[in-house]
Amino acid sequence: QSNWHIEAMAAHLEAVSRGEIQNLLINIPPGGAKSLVASVFWPAWEWTRNPGLRYLCGSYDQTLSTRDNRRVRDLVQSDWYQARWPHVRLAHDQNQKTRFDTTAGGWRIGTSVGGRGLGEHPDRKIVDDPHNTRQAESDAKRDDALTWFDQMLSTRGVSRGAATVVICQRLHARDLSGHILSGPDAAKWTVLCLPMRYEPGRMVPTSLGWSDPRTQAGELLWPALFPEPVVRALELSLGSYGTAGQLQQRPAPAEGGLFKRQAFDVVGGIPAGAEWCRSWDKAGTEAGGDYTVGVLLAKIGGIYYVADVIRDRLSSGQRNALIRQTARLDADRFDPAVKIRLEQEPGSGGKESAEISVRELAGYDVQTVRATGDKVTRARPFAAQVEAGNVKLLANPAWNHTFLDELVDFPNGAHDDQVDAAAGAFNTLALGFTPHTMAIKGF
């Protein structure tokens with residue numbers, strides 16, 4: 001079933017062949033023929049023009065790489081192909097499923113994330129599905145793929161001017177696509193994004209001047225193969241998170257997942273007589289990495305107010321100084337009895353840091369908590385009250401938008417520090433403790 005999106009992928013891959021595109025990122029839903037077009041047809045077509053080209057192809061699983069290697073090999077050796085391009089011949093002494101060579105010095109290697117390729121220098125690097133959908137939520141598994149891409153694949157073929165093609169569905173804000181789009185070399189990449197349903201105003205023309213030909217919101221990518229009933233069934237099966245990432249190529253629902261943007265009422269002030277808690281999610285990195293976040297909540301009856309959010313990347317010394325300063329300012333501005341809750345980092349270093357924090361906050365109602373269990377479970381009580389309309393947001397343009405953006409993206413967003421801190425403050429005020437925690441009190 002031919003379709004315009006296949007022509008779009010082919011046009012951009014041909015631009016790589018001509019040297020007009022050096023780095024190409026294609027985001028497309030599963031079933032969109034991406035592997036056949038980019039990993040099978042394109043290399044076999046390029047060999048008709050230059051059988052000396054070398055390909056290093058990787059996926060999250062060796063089985064997938066081997067499958068596409070065999071597809072290319074079978075195509076090149078087929079009677080149909082050989083009748084048209086008899087000059088493309090495979091070497092008899094190197095003709096295996098994971099690697100085969102041409103008699104002109106070209107080759108194709110199929111590998112996996114973290115697999116072979118360290119000693120090889122290709123002309124083309126093709127990364128097809130670097131993440132497993134079942135493991136995309138694992139920070140460790142995602143980091144494995146990013147490390148492989150940054151520290152191994154990026155160094156291959158430099159002397160040969162190798163082009164890189166990454167083709168995949170979006171699974172997480174910090175997946176390989178997100179890593180590329182937020183990295184220092186993002187401007188060097190041509191991005192072809194093909195969501196299942198058209199979203200007007202979202203996409204910009206590519207470096208070739210190509211733009212999505214659809215005009216109506218919700219218009220389908222490939223109705224001949226994925227008609228409306230099929231897409232609706234997929235959306236129901238995947239849920240809001242899966243639909244946003246795998247189908248729409250933006251790994252967070254536009255309206256929010258666990259937290260809905262429109263559920264927060266914005267208010268101009270907080271009534272007197274509130275009970276207060278400032279919860280901190282601590283980090284200790286000045287440049288890059290996670291943020292140190294302190295969220296201040298107020299409770300009056302059954303209503304909660306997000307009153308203030310402090311968020312910065314700081315060294316451990318700067319972080320501790322900020323927490324001390326904020327404790328003094330909160331006591332002066334809001335209430336001397338503001339509770340302070342600090343998340344204890346894991347390991348012996350985290351315990352020592354927690355003890356130091358308690359000593360430095362002598363005179364305040366301070367408690368450190370060691371969180372266990374997953375972040376989503378800890379955030380659910382807070383999310384339930386947000387959904388019920390019982391959480392208000394104190395108007396402050398300095399932090400309102402950043403705070404809401406992170407909550408809407410949770411748990412698929414790039415950061416979750418504000419969610420953790422807000423949930424910690426809420427659970428303290430609402431429940432008197434943080435679920436799944438071990439607490440250490442001090443004065």
Side-chain angles (χ1 to χ4, degrees), residues 259 264-284 290-344 353-354 356-369 379 382 385-386 389-407 415 417-434 439-443:
F259 295 94
F264 288 87
D265 287 335
V266 180
V267 298
I270 298 174
E275 181 183 0
W276 299 83
C277 178
R278 170 87 72 174
S279 178
W280 291 91
D281 185 75
K282 299 194 299 181
D290 292 331
Y291 289 85
T292 287
V293 172
V295 175
L296 179 67
L297 253 64
K299 175 188 177 184
I300 300 177
I303 303 298
Y304 299 83
Y305 298 84
V306 184
D308 185 55
V309 176
I310 294 174
R311 180 176 185 256
D312 205 351
R313 287 185 171 116
L314 304 166
S315 67
S316 58
Q318 293 170 330
R319 175 198 67 197
N320 293 339
L322 175 65
I323 292 173
R324 291 194 303 270
Q325 180 191 70
T326 303
R328 292 193 295 269
L329 293 174
D330 284 349
D332 292 340
R333 181 183 176 189
F334 300 106
D335 192 325
V338 172
K339 296 179 175 66
I340 302 171
R341 298 296 179 260
L342 305 111
E343 183 176 348
Q344 179 181 328
S353 174
I356 293 173
S357 297
V358 168
R359 288 197 299 269
E360 291 184 344
L361 292 170
Y364 297 98
D365 181 357
V366 57
Q367 182 177 348
T368 64
V369 292
F382 180 50
Q385 292 303 307
V386 170
N390 295 330
V391 180
K392 315 296 182 183
L393 203 66
L394 184 63
N396 188 328
W399 55 264
N400 285 170
H401 294 292
T402 304
F403 179 76
L404 287 175
D405 286 347
E406 182 176 304
L407 265 65
H415 298 282
D417 319 286
Q418 295 178 93
V419 178
D420 258 9
F426 171 82
N427 289 328
T428 296
L429 292 176
L431 308 174
F433 67 95
T434 304
I440 305 173
K441 292 184 178 181
F443 298 91

A.B. asks: What pair of heavy atoms forms the shortest contact from Val293 to Asp417, and how long is it?
C.D. replies: CG2-CB, 3.6 Å

A.B. asks: Enumerate the salt bridge (Lys or Arg N to Asp or Glu O under 4.0 Å) contacts for residues 328-337, please, sequence neighbours excluded, ordered by first and then second residue.
C.D. replies: Arg278-Asp330

A.B. asks: Mind checking whether Asp312 and Thr292 have side chains closer than 4.5 Å, heavy atoms only?
C.D. replies: no

A.B. asks: Can you list everything that forms a side chain to side chain donor-acceptor pair (under 3.5 Å) with Asp405? Sequence neighbours excluded, please.
C.D. replies: Arg261

A.B. asks: Atom CG in Asn320, atom CG in Leu361: separation rounded to 0.5 Å?
C.D. replies: 8.5 Å

A.B. asks: Quick check: closest heavy atoms across Leu407 and Phe382, and the distance to 0.1 Å?
C.D. replies: CD2-CE2, 4.1 Å

A.B. asks: Rounded to the nearest 0.5 Å, how far does CG of Asn400 lie from CG of Leu393?
C.D. replies: 4.5 Å

A.B. asks: Which residues pass the side-chain contact (heavy atoms from CB on, under 4.5 Å) test with Leu322, sequence neighbours left out?
C.D. replies: Trp280, Ile310, Leu314, Gln325, Thr326

A.B. asks: Looking at Thr368 and Leu342, would you say the former's side chain and the latter's main chain have a donor-acceptor pair under 3.5 Å?
C.D. replies: no

A.B. asks: If I take atom CD from residue Gln367 and atom NZ from residue Lys339, how far apart are they, to the nearest 0.5 angstrom?
C.D. replies: 10.0 Å

A.B. asks: Looking only at heavy atoms, what is the nearest atom pair of Ala379 and Ala423, with distance?
C.D. replies: CA-CB, 3.9 Å

A.B. asks: Roughly how far apart are Tyr291 OH and Arg311 CZ, rounded to 0.5 Å?
C.D. replies: 4.5 Å

A.B. asks: Can you sort out the partners of Lys392 under side-chain contact (heavy atoms from CB on, under 4.5 Å), two or more places apart, ordered by chain and number?
C.D. replies: Asp265, Val267, Ile303, Tyr305

A.B. asks: Can you confirm whether Lys282 sits close enough to Ile323 that some side-chain heavy atom of one is under 4.5 Å from a side-chain heavy atom of the other?
C.D. replies: yes

A.B. asks: Is there side-chain contact between Val391 and Val306, with heavy atoms separated by less than 4.5 Å?
C.D. replies: yes

A.B. asks: Provide the closest heavy-atom pair for Tyr364 versus Ala331 in the form atom of the first, atom of the second, distance.
C.D. replies: CE2-CB, 4.3 Å

A.B. asks: Between His415 and Glu406, what is the shortest heavy-atom contact and its length?
C.D. replies: O-CG, 3.2 Å

A.B. asks: Would you list the pairs meeting salt bridge (Lys or Arg N to Asp or Glu O under 4.0 Å) in which at least one residue belongs to residues 292-301, sequence neighbours left out?
C.D. replies: none

A.B. asks: Got a second to check how far Leu296's CG is from Ile270's CD1, nearest 0.5 Å?
C.D. replies: 7.0 Å

A.B. asks: Of all the heavy-atom pairs spanning Gly302 and Asn390, show the shortest one and how long it is.
C.D. replies: O-CB, 3.6 Å

A.B. asks: Go through the structure and list residues passing ring pair (Phe, Tyr, Trp, His ring centres under 6.0 Å) with Tyr304, not counting sequence neighbours.
C.D. replies: Phe426

A.B. asks: Between Trp276 and Phe334, how do the two ring planes meet: parallel, tilted or perpendicular, split at 30° and 60°?
C.D. replies: tilted

A.B. asks: Nearest 0.5 Å please: distance from the OG atom of Ser279 over to the CZ atom of Arg341.
C.D. replies: 8.5 Å

